[in-house]
Amino acid sequence: MSLGTEKVVMIGGGGHAMSCLDAADPRRLEFVGYVSPKPDERLPLPYLGGDDVLEELQRTAATSAFVALGDNTARRSLCEVVTRMGFELATVVADTARVSPYASVAPGAAVLHGALVGPRSEIGTGAVVNTAASVDHDCVVGEYAHLAPGTHLAGGVHVGEGSFAGVGASVIPDVRIGPWAVVGAGAVVITHVPPRETVVGAPARSRRRS
Ligand SMILES: CC(C)(COP(=O)(O)OP(=O)(O)OC[C@H]1O[C@@H](n2cnc3c(N)ncnc32)[C@H](O)[C@@H]1OP(=O)(O)O)[C@@H](O)C(=O)NCCC(=O)NCCS
């Protein structure tokens with residue numbers, strides 16, 4: 001293992017954890033195992049136990065943690081917990097992703113296989129740009145937001161903290177999606193989305209009004 005390898009505990013053992021493990025560069029991140037309420041033998045990492053083992057792991061086995069939970073609220077909460085314990089937040093960027101040198105990706109974020117992040121875009125702490133999602137120029141993807149596979153943001157889109165865009169959603173330029181909003185799978189967002197609103201359809205409308 002190279003001297004530059006970061007020892008990381010994975011938090012979460014589900015499908016999203018598998019995708020993140022699959023995307024992570026083993027030359028940079030060495031996963032010592034995963035922590036989850038229960039083991040899942042399909043994840044090819046050692047099972048280390050539940051959250052109660054984290055403090056001991058921080059002292060003995062890993063300097064960094066990566067929270068691989070798809071749910072935005074849970075991911076934020078665990079990122080905050082492990083940061084308080086003294087872990088660094090590891091960042092996963094797939095070798096097949098293309099992140100512009102003029103873009104930034106904050107700690108704890110995941111940019112998975114085939115994703116694109118364009119120039120002057122910012123991916124916030126703990127955010128997820130999932131498989132084959134694209135973020136064009138001058139976008140902001142807020143902390144703990146999640147762009148599901150195949151989401152496309154045109155230029156200048158702001159996605160608020162904790163917001164979720166479902167698989168295949170598209171957003172036209174300069175639209176703002178408020179914090180903790182939900183954009184349904186396949187939606188085409190052409191107007192601003194208020195905080196905590198759920199929108200679906202093409203063009204996307206509030207689910208209550210649809
Ligand atoms: C938008 C969403 C969050 C709503 O979930 P929900 O609250 O459980 O909604 P329901 O399934 O009860 O559907 C409520 C209504 O909205 C409609 N609806 C739900 N999702 C829709 C979508 N993506 N596009 C269009 N209509 C949708 C339903 O047809 C239903 O309409 P009806 O009341 O006329 O029958 C969900 O359907 C969705 O799109 N999730 C994305 C999941 C995803 O992409 N995950 C990726 C994980 S990486």
Side-chain angles (χ1 to χ4, degrees), residues 10-24 34 36-37 40 42-43 45 66-79 89-94 96-99 105-106 108-117 121 123-136 139 141-154 157-172 175-210:
M10 174 87 83
I11 299 180
H16 185 59
M18 185 67 235
S19 292
C20 292
L21 174 65
D22 185 56
Y34 71 102
S36 179
D40 183 337
R42 296 173 302 168
L43 188 66
L45 286 176
F66 181 77
V67 182
L69 301 173
D71 179 80
N72 296 350
T73 305
R75 195 168 61 261
R76 176 179 69 171
S77 161
L78 264 297
C79 282
L89 293 178
T91 306
V92 168
V93 178
T96 58
R98 208 283 170 170
V99 177
V105 178
V111 181
L112 300 187
H113 279 303
L116 302 173
V117 179
S121 283
I123 308 301
T125 301
V128 179
V129 182
N130 216 317
T131 309
S134 67
V135 174
D136 217 287
C139 291
V141 177
E143 296 186 353
Y144 309 110
H146 184 164
L147 307 180
T151 299
H152 298 301
L153 306 186
V157 171
H158 281 225
V159 177
E161 178 187 344
S163 283
F164 172 77
V167 64
S170 301
V171 186
I172 70 167
V175 162
R176 300 184 83 87
I177 296 173
W180 303 97
V182 173
V183 174
V188 177
V189 182
I190 61 169
T191 53
H192 300 323
V193 177
R196 299 188 180 274
E197 190 81 314
T198 296
V199 298
V200 297
R205 308 256 185 242
S206 162
R207 200 177 48 175
R208 286 194 300 276
R209 292 193 301 268
S210 62

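In listed order, ligands and their atoms are each counted from 1. Side chains are part of it too, since the values below use all heavy atoms of this structure and drop only hydrogens, waters and symmetry mates.
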Would you mind running through ligand 1 and noting each atom that sits below 4.0 Å from a heavy atom of [X]?
X    : answer
F164 : 41 (C), 43 (C), 45 (N), 46 (C)
V182 : 3 (C)
G184 : 1 (C), 23 (N), 39 (O)

Going by the closest heavy atom to atom 46 (C) of ligand 1, which one wins out of A133, A148, G168, G15? A148

Should one rank V200, L112, V199 by closest heavy-atom distance to atom 25 (C) of ligand 1, which comes out on top? V200

Is it the case that ligand 1 has an N or O less than 3.5 angstrom from some N or O of H146? no

For the 3.5 Å polar cut-off, considering only N or O atoms, please tell me whether V167 and ligand 1 meet it. yes

A97 and V111: which non-hydrogen atoms are nearest, and at how many Å? CB-CG1, 3.8 Å

Could you report the tightest heavy-atom contact between S163 and P179, atom names first, then the distance? OG-C, 3.6 Å

Distance-only, no hydrogens or angles: does the [X] side chain make a donor-acceptor pair with backbone N or O of [Y] under 3.5 Å?
X    : Y    : answer
S121 : D136 : yes
N72  : Y144 : yes
R75  : A127 : no

P149 heavy atom under 4.0 Å from ligand 1: yes

In chain order, what residues pass the side chain to side chain donor-acceptor pair (under 3.5 Å) check against E143, with sequence neighbours excluded? none

What part of H16 sits under 4.0 Å from ligand 1 if we count only heavy atoms: the side chain, the backbone, both or neither? neither

Exactly one of V135, V183, N130 should register a side chain to side chain contact (heavy atoms under 4.5 Å, CB included) with L147. Which one does? V135

